[in-house]
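Counting begins at 1 with the first residue of the sequence. Worth saying up front: this structure is predicted, and the values here are computed from it rather than measured.
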Amino acid sequence: MKLDWGQFVGKTLNITMMENYGVVYGKENVEHPTFYEIVFKTGKLVQAFDEGLFLDSRREDKAFQIFIPYSSIKCVEIF
């Protein structure tokens, strides 16, 4: 089934990701970085492409944009 994501442009999406890992370097673990699982991405849907979704998001009072390939998406909540 193919979903028309264009109908959700401007809506807030809460995306549950497939397994995806990131790394954090902090003051206490400079020599040994901390690995963590990235589970959720949240933001407003700006545009949908054939390969994935493009979101505008904010974290810690900073704006950023993110592209999420469909293959990385497990589940999407639409608000």
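- Distance CG/L45 to CG/L13: 5.0 Å, rounded to 0.5 Å.
- With contacts defined as side-chain heavy-atom distances shorter than 4.5 Å, the pair F40/I15 does not qualify.
- Sorted by first and then second residue, the side-chain hydrogen bond (donor to acceptor under 3.5 Å, both in side chains) pairs with a member in residues 44-55 form an empty list; sequence neighbours excluded.
- Applying the side-chain hydrogen bond (donor to acceptor under 3.5 Å, both in side chains) test to T42 and every residue at least two apart in sequence or in another chain returns N14.
- By the 4.5 Å side-chain criterion applied to Ile, Leu, Val, Met, Phe, Trp and Tyr, F49 is assigned to a cluster that also includes V46, F54, F67.
- Checked against K41 for a side-chain contact (heavy atoms from CB on, under 4.5 Å), the options L53, I66, V76 give a single hit: I66.
- One finds the CD1 atom of I68 at 5.5 Å from the CD1 atom of I73 (value rounded to the nearest 0.5 Å).
- No path of Ile, Leu, Val, Met, Phe, Trp and Tyr side chains, each step under 4.5 Å between heavy atoms, connects F79 with L3, placing them in separate hydrophobic clusters.
- Sorted by first and then second residue, the pairs that involve residues 62-74 and meet side-chain hydrogen bond (donor to acceptor under 3.5 Å, both in side chains), not counting sequence neighbours, are D56-Q65.
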